[in-house]
Amino acid sequence: MKKIFLFLSLSLLCVTAAAQQSEPDSTDVFFKHLELKEIVVTGLAGDAKMKEMSTPISVIRPADLSSRAGGNIIHIIATQPGVSEISTGGGISKPVIRGMGYNRVVVVSDGFRQEGQQWGDEHGIEVDGAGVHSVEILKGPASLMYGSDALAGIIIFRPDPVRAPGEIGGMVGAEYQTNNGLAAYTLAVDGNTSGWIWGGRFSDKYARAYRNSLNGPVSNSGFRQRSASALVGKNASWGYSRLRFTYFHLTPGMIEGEGENFGYRLELPFQQVRHYKLGWDNTIHLGPGNLKVLLGWQQNRRQEYEESASEPGLDFKLNTVNYDVRWQGTLGSGWKTAFGLAGMFQKSDNLGDEYLIPAYGLFDAGVFATASKALGAWTLSGGVRFDMRWLHSEALEGRFEDFSRRFPGFSASIGAVRPLGEHFTFRANVARGFRAPNLAELGSNGEHEGTFRFEVGNKDLRPEYSLQGDLGLDFSSKYVSVQAALFASRIDNYIFAARNGEVADEDLPVYVFKSGLAHLRGGEIGIDVHPVHQLHLSSAFSCVFARERGGDYLPLIPAPRLFSEVKWEITHGGRIFNNAYVALNLDWNLRQDRFYAKDNTETATPAYLLLGASAGTDVVIAGKTRFSLYLVGSNLTDVAYAPHLSRLKYIGIYNMGRNISFKMVVPF
């Protein structure tokens with residue numbers, strides 16, 4: 001922590017010194033900073049300006065998403081400070097915020113929390129990246145907004161905005177990556193006709209085995225992904241009503257460190273993951289605010305094929321019904337308020353002939369109230385929430401017990417934001433979060449094929465409760481901006497899986513779920529400097545330190561990381577080439593030697609440095625943008641590396657080597 005404070009202090013001293021120098025003539029950069037501050041994001045009491053939020057938020061805009069490349073949307077956003085991924089090859093990634101993942105991160109897509117069995121190591125996020133317009137990442141306990149599971153934060157994927165009345169349009173996009181031969185295309189069309197809004201999208205993506213300099217091609221690491229979505233709705237003077245359906249189908253190979261399957265055709269073992277979602281989003285103008293009613297249904301079907309390509313071994317079917325009814329608006333003398341009821345119902349069934357977790361039923365209900373208000377120079381925000389989760393596990397003779405648990409949870413938050421002079425903004429927040437244990441932690445008992453281990457649950461686990469403090473200091477001027485944040489969190493009953501030294505069938509190590517008192521500390525700092533209005537020099541550093549009471553480090557904590565980029569914006573408003581740029585980036589992951597070493601659960605991970613580059617431009621013909629081109633290179637020096645959160649490093653499999661991505665987007 002002393003090194004973090006020293007780094008922040010030196011950075012702020014440099015910024016203060018820079019602020020005293022002469023400023024460039026152009027005010028373009030200043031206006032860009034103002035635009036960033038005016039971005040509307042998801043707040044406790046409804047939508048709020050980013051500058052009014054008391055907790056750290058990252059916003060990834062469409063241009064930033066286009067300038068990155070990856071096999072899935074989580075890999076693309078994992079360069080953000082404080083965000084990392086648990087990866088399994090090129091097709092599967094799980095988000096991690098400040099060292100916490102799995103059911104501690106809530107992913108929101110199309111307005112609804114995504115429920116796709118987040119407990120599994122090899123279970124990714126069933127979201128089509130081509131349909132994501134922008135991303136919001138809220139760091140810190142967000143149980144007030146989504147109840148259990150938002151202990152680390154929220155990732156919100158925003159769809160394309162609704163078109164203006166009378167507009168009809170669409171786009172065609174294509175991408176190719178050299179390392180694994182990834183080929184992808186997407187087609188979308190939407191419109192707004194007399195207040196009736198409609199739209200649809202279809203995407204397809206497939207890849208063969210990826211390569212690196214040590215393993216060569218990694219057998220069975222290819223995947224196929226296909227998705228579709230449709231939207232219909234009505235905008236009127238009373239509000240709006242929108243119905244959206246999405247379908248996602250992923251077929252990833254399961255990497256075992258052996259075999260010679262290097263082509264597009266998958267061989268055993270592999271998965272079939274299908275996710276269906278139907279959401280009804282309504283906003284009705286009522287009094288000085290809006291009544292929001294969200295109802296959703298999801299089905300996640302996950303099948304693992306190990307011995308036969310026609311008969312799955314593991315076969316999970318999870319049905320979820322989401323509901324959220326809230327009123328949000330302004331009351332009294334400027335109090336922005338929200339209150340309501342939200343939760344979900346789940347039913348999970350085992351349809352295969354192999355078993356890892358029991359079939360179960362779950363019901364969630366939470367009531368909440370939040371408020372925010374500007375009082376002089378201060379903007380205050382906070383709220384309270386009470387949740388109750390009922391869980392029933394079904395018995396299976398010789399494998400699972402019949403048991404029921406009830407998990408009450410109380411959450412609260414209070415925060416404040418205040419500008420300090422013309423350039424600085426101070427932020428502070430204290431929050432209590434809540435997470436109920438999931439069924440895998442409570443009742444698993446079997447071989448987890450994708451993780452090379454035998455897992456044993458503990459039905460006596462208690463809910464996790466966190467108490468976290470956040471401090472932030474922002475600086476903004478015409479040619480430099482800095483965002484710095486520190487956090488410290490205490491989590492009671494922190495749950496994780498650890499080896500117990502025993503070996504099960506087929507020489508699989510036995511992992512048991514345990515809990516204890518955990519302390520997490522860390523922070524992020526991002527610096528963006530513009531010596532001239534076309535040149536951007538940015539750098540972001542993040543780190544997390546996590547230990548159990550008694551001295552052991554916690555597992556699955558990412559290494560400290562520094563991501564730096566130099567970007568030259570060549571043209572704005574050009575007659576042929578518009579918004580053209582070139583960029584060079586360095587991704588430096590430090591050595592992770594703070595790992596959970598007990599019973600050889602984890603090992604240290606050496607440092608590595610990755611070089612990347614990108615370029616892009618809009619092509620203008622007859623005064624209109626006809627298409628956009630992007631060229632993205634990653635790991636250009638072909639480094640053989642395995643991140644600390646890679647599950648494949650323990651079988652000697654490294655991440656993807658040098659890769660060049662070509663993208664083209666054609667609007668119409």
Task: Distance under 6.0 Å and angle within 45° of ring axis: Arg68 vs Tyr630 - done: no
Open item on the list: Taking the ring of Tyr596 and the ring of Phe496, is the distance between their centroids below 6.0 Å?
Closed with: yes
- [ ] Write down the atom of Ile255, the atom of Ser221, and the distance for their closest heavy-atom approach.
- [x] CD1-CB, 3.6 Å
TODO: Give the intermediate values and the outcome of side-chain contact (heavy atoms from CB on, under 4.5 Å) for residues Leu65 and Ile77.
DONE: CA-CA 8 Å; Leu65 291 175; Ile77 69 173; 4.2 Å; yes
Open item on the list: Using a strict threshold of under 4.0 Å (side-chain N to carboxylate O), is an ion pair present between Glu464 and Arg104?
Closed with: yes
Open item on the list: Between His536 and Glu565, is there a side-chain donor-acceptor contact under 3.5 Å, judged purely by atom types and distance?
Closed with: no
Task: Lys/Arg-Asp/Glu bridge criterion (N-O < 4.0 Å) met for Arg499, Glu602 - done: no
- [ ] Please check if the side chain of Gln534 supplies one atom and the backbone of Glu569 the other of a donor-acceptor pair under 3.5 Å.
- [x] yes
- [ ] Using distance alone, with no hydrogens and no angle criterion, decide if Thr55 and Asp470 have a side-chain donor and acceptor under 3.5 Å apart.
- [x] no
- [ ] Would you confirm whether the ring centroid of Tyr206 sits within less than 6.0 angstrom of the ring centroid of Tyr264?
- [x] yes
Open item on the list: Taking CZ in Arg591 as the centre, count heavy atoms belonging to other residues, nucleotides or ligands within less than 6.0 Å. Is the count above 12?
Closed with: yes
- [ ] For the pair Arg427 and Asp474, find out whether any cationic side-chain nitrogen is under 4.0 Å from an anionic carboxylate oxygen.
- [x] yes
Task: Distance under 6.0 Å and angle within 45° of ring axis: Arg547 vs Tyr553 - done: yes
- [ ] Determine, for Glu126 against Arg302, whether the closest basic-nitrogen to carboxylate-oxygen distance falls under 4.0 angstrom.
- [x] yes
Open item on the list: I'd like to know if Arg453 pairs up with Glu447 as an ion pair, taking the criterion as any Lys NZ or Arg NE/NH1/NH2 lying under 4.0 Å from an Asp or Glu carboxylate oxygen.
Closed with: no
- [ ] Check the surroundings of atom CH2 in Trp588: do more than 12 heavy atoms from other residues, nucleotides or ligands lie under 6.0 Å from it?
- [x] no
Task: Validation row: Val108, Tyr146 side chains within 4.5 angstrom (heavy atoms) - done: yes
Open item on the list: Restricting to non-hydrogen atoms, name the atom on Gly99 and the atom on Pro558 that form the minimum distance, rounded to 0.1 Å.
Closed with: CA-CD, 3.6 Å
TODO: Decide yes or no for His644 and Lys649: does some side-chain heavy atom of the first lie under 4.5 Å from some side-chain heavy atom of the second?
DONE: yes
TODO: Please determine, by modelled atom types, if Ser93 and Glu85 share a side-chain donor-acceptor pair under 3.5 angstrom.
DONE: yes
- [ ] Indicate yes or no: at least one non-hydrogen side-chain atom of Lys598 is less than 4.5 angstrom from one of Asn500.
- [x] no
